[in-house]
> 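Below is the structure I would like to discuss, written out as C-alpha cells.
Numbers here simply count residues along the sequence, with the first being 1. Heavy-atom basis, side chains included; hydrogens, waters and symmetry copies ignored.
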Amino acid sequence: MCRIFLSIIFCLLTIGCFSNDPRLPEKLYDEAVSLGREGKTLESKALMEEIARLFPEKLEGMSAREDVFTLEAMLKRKADEEKKQVRQIIRSTCDALKRYRDRYGEYPTTLQKLVPEYGLDQIPLTPWKHPLFYRAFVSVPKEEITDRRGRATTKTNTHLDSYYLACLGQNLVPGEATDDEEILVVNGTIIQEKSFPPIPEPQPFRL
C-alpha cells in the first residue's frame with residue numbers, strides 16, 4: 001500500500017516540477033500535514049522528504065525538513081511500542097498454552113481453544129491486526145521400543161507435546177521482518193534461528 005502511495009506521489013511531484021503554479025509547494029505541504037493528522041505518519045514523512053528535496057529554499061521546504069525529524073521520532077516511538085506489544089502478546093499466549101497443557105497433557109490444536117478459559121480474551125492479534133502463526137505437533141510420532149527379550153515394536157505417539165508459535169512482522173513474509181518484529185517460539189522459548197526446524201513426520205492424523 002505504501003509503495004503504491006509513493007508511486008502516486010512521485011507522479012504528482014514529477015508533474016508538479018513542470019508546473020508554473022507557485023502554490024504547488026503549499027498544496028503538497030498541506031497534503032502532507034493532512035496525512036499526518038489522519039494517522040498516516042509514514043506516508044506524511046515520505047511526502048515531507050520530497051517537499052524538502054524539491055523546494056529547499058521555500059518556506060514549505062524548510063518546514064518540511066523540520067517536520068521530517070518530528071515524524072521520524074513519532075515513528076520510532078510507535079515502533080518501540082509495537083515491539084513491546086508483540087513481546088507481551090507472545091508471552092501471554094505461551095502462558096495460556098502452558099495452562100492448557102497442564103490440564104490436558106498436550107497442547108491445543110488451535111489458539112481458539114485458549115479463549116477465554118486459559119487467560120486470553122480473544123484470539124491473539126499482532127499490533128498490525130495479524131493472527132499469530134501456531135502449529136502444535138508430536139515431537140516423536142513413532143519410536144522403537146525393545147522389550148526384555150530384545151523384541152522391537154513400534155509405538156505411535158499422538159499427544160501434541162510441542163508447538164511452534166510465531167509473529168511474522170507487518171508484511172507476514174518470513175525472514176524479511178526485523179528481529180523485534182519477527183519472533184519464533186518453540187515450546188515457550190524464543191529461538192534465534194530465522195526459520196523453524198522441520199516437524200517430525202509422519203504426524204498422526206487428528207480429527
> With rounding to the nearest 0.5 angstrom, report the OG1 to CD distance, Thr156 to Glu143.
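One gets 9.5 Å once the value is rounded to the nearest 0.5 Å.
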> Of all the heavy-atom pairs spanning Arg103 and Tyr118, show the shortest one and how long it is.
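That closest heavy-atom pairing would be CD-OH, 3.1 Å.
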> What's the separation between atom OG in Ser63 and atom CE in Met48, rounded to the nearest 0.5 Å?
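Answer for the OG-CE pair, Ser63 versus Met48, is 8.0 Å.
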> Just how far is it from atom CD of Gln85 to atom NZ of Lys78, taken to the nearest 0.5 Å?
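Result: 9.5 Å between the selected atoms.
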> Please find the pair of heavy atoms, one from Glu182 and one from Lys194, that lie closest to each other, and give the distance.
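Closest approach of Glu182 to Lys194: OE2-O, 3.9 Å.
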> Under a 3.5 Å cutoff, is there a donor and acceptor pairing between the side chains of Thr154 and Glu144?
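Note: Thr154 and Glu144 side chains meet the donor-acceptor criterion.
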> Is the backbone of Phe133 close enough, under 3.5 Å, to the side chain of Tyr164 for a donor and an acceptor to pair up by distance?
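Checked: no pair found.
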> Is it the case that the side chain of Ser44 and the backbone of Ala32 share a donor-acceptor pair, with hydrogens and angles ignored and the cut-off at 3.5 Å?
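Checking the backbone N and O of Ala32 against the side chain of Ser44, a donor-acceptor pair under 3.5 Å is found.
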> Under 3.5 Å, is there a donor on one side chain and an acceptor on the other for Arg101 and Tyr163?
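The criterion, which ignores hydrogens and geometry beyond distance, is not satisfied for Tyr163 and Arg101.
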> Do the non-hydrogen side-chain atoms of Ile89 and Cys167 ever get within less than 4.5 Å of each other?
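A side-chain contact under 4.5 Å is absent here.
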> For the residue pair Leu184 and Glu193, establish whether any side-chain heavy-atom pair is separated by less than 4.5 Å.
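The answer is no; the side chains never approach within 4.5 Å.
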> With clusters defined by side-chain heavy atoms of hydrophobic residues (ILVMFWY) lying less than 4.5 Å apart, directly or transitively, does Met62 cluster with Tyr29?
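No, it is not one cluster - the side chains of Tyr29 and Met62 are not joined through contacts under 4.5 Å.
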> Rounded to the nearest 0.5 Å, what separation is found between the CG atom of Leu28 and the CG atom of Leu24?
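If I round to the nearest 0.5 Å, the distance is 4.5 Å.
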> Within the 4.5 Å heavy-atom criterion, are Thr126 and Trp128 side-chain neighbours or not?
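Heavy-atom side-chain distance check passes, below 4.5 Å.
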> Using every non-hydrogen atom in the two residues, find where Leu165 and Cys94 come nearest and quote the distance to one decimal.
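So the two residues come closest at CD2-SG, 3.9 Å.
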> Using a strict 4.0 Å threshold on nitrogen-to-oxygen distance, state whether Arg53 and Glu50 make a salt bridge.
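A salt bridge links Arg53 with Glu50.
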> Give a yes or no on whether a salt bridge exists between Arg99 and Asp95, defined as a side-chain N under 4.0 angstrom from a carboxylate O.
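No, this pair does not count.
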> Could you check whether Lys40 pairs with Glu38 (Lys NZ or Arg NE/NH1/NH2 to Asp/Glu carboxylate O, under 4.0 Å)?
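Yes, this pair counts.
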> State, yes or no, whether a side-chain contact exists between Asp161 and Glu106 at a heavy-atom distance under 4.5 Å.
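The answer is no; the side chains never approach within 4.5 Å.
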> Going only through I, L, V, M, F, W and Y residues with side-chain contacts under 4.5 Å, is there a path from Val140 to Leu160?
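No, separate clusters.
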> Do the side chains of Ile190 and Leu111 join up, straight or via other hydrophobic residues, at under 4.5 Å, putting them in one cluster?
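Linked within one cluster.
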> Take atom CG of Asp102 as the centre, draw a 6.0 Å sphere, and report whether it contains more than 12 heavy atoms from other residues, nucleotides or ligands.
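Yes, because the 6.0 Å sphere around CG of Asp102 holds more than 12 heavy atoms from other groups.
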> Salt bridge between Glu49 and Lys45, side-chain N to carboxylate O under 4.0 Å?
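Lys45 and Glu49: salt-bridged.
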> Consider only side-chain heavy atoms of I, L, V, M, F, W and Y, link residues closer than 4.5 Å, and tell whether Ile183 and Leu125 are in one cluster.
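No, Ile183 does not connect to Leu125 through the hydrophobic network.
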> Near Tyr104 OH, under 6.0 Å, is it more than 12 heavy atoms from other residues, nucleotides or ligands?
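Atom OH in Tyr104 is crowded, with more than 12 foreign heavy atoms closer than 6.0 Å.
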> Rounded to the nearest 0.5 Å, what's the gap from CD on Gln122 to CD on Gln112? Could you check?
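That separation rounds to 10.0 Å.
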> Can you name the nearest heavy-atom pair linking Ser162 to Asn187, along with the distance?
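Closest approach of Ser162 to Asn187, heavy atoms only: CA-OD1, 3.0 Å.
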> A side-chain contact here means heavy atoms from C-beta on lying under 4.5 Å apart; do Val138 and Thr158 qualify?
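With C-beta onward as the side chain, the pair stays apart.
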> Is there a side-chain contact between Val86 and Pro127 (heavy atoms, below 4.5 Å)?
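Touching, per the 4.5 Å side-chain cut-off.
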> Please determine whether residues Ile90 and Tyr107 belong to a single hydrophobic cluster, defined as Ile, Leu, Val, Met, Phe, Trp and Tyr linked transitively by side-chain heavy-atom distances below 4.5 Å.
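Same cluster.
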> Can you give me the closest heavy-atom contact between Pro141 and Pro202, atom names plus distance?
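Heavy atoms of Pro141 and Pro202 come nearest at CB-O, 2.9 Å.
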> Just by distance, do the side chain of Glu117 and the backbone of Leu114 share a donor-acceptor pair under 3.5 Å?
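Answer holds: no.
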> Do the non-hydrogen side-chain atoms of Ile123 and Thr110 ever get within less than 4.5 Å of each other?
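Ile123 does not reach Thr110 side chain to side chain.
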> May I ask you to test the Glu26-Asp30 pair for a side-chain heavy-atom distance under 4.5 Å?
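Yes; the side chains approach each other to less than 4.5 Å.
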> Do NZ/NE/NH1/NH2 and the carboxylate oxygens of Lys76 and Glu72 come within less than 4.0 Å?
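A salt bridge is absent here (no side-chain N lies under 4.0 Å from a carboxylate O).
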> Report the distance from atom CD of Glu43 to atom CG of Leu35, rounding to the nearest 0.5 Å.
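Taking CD in Glu43 and CG in Leu35, the distance rounds to 6.5 Å.
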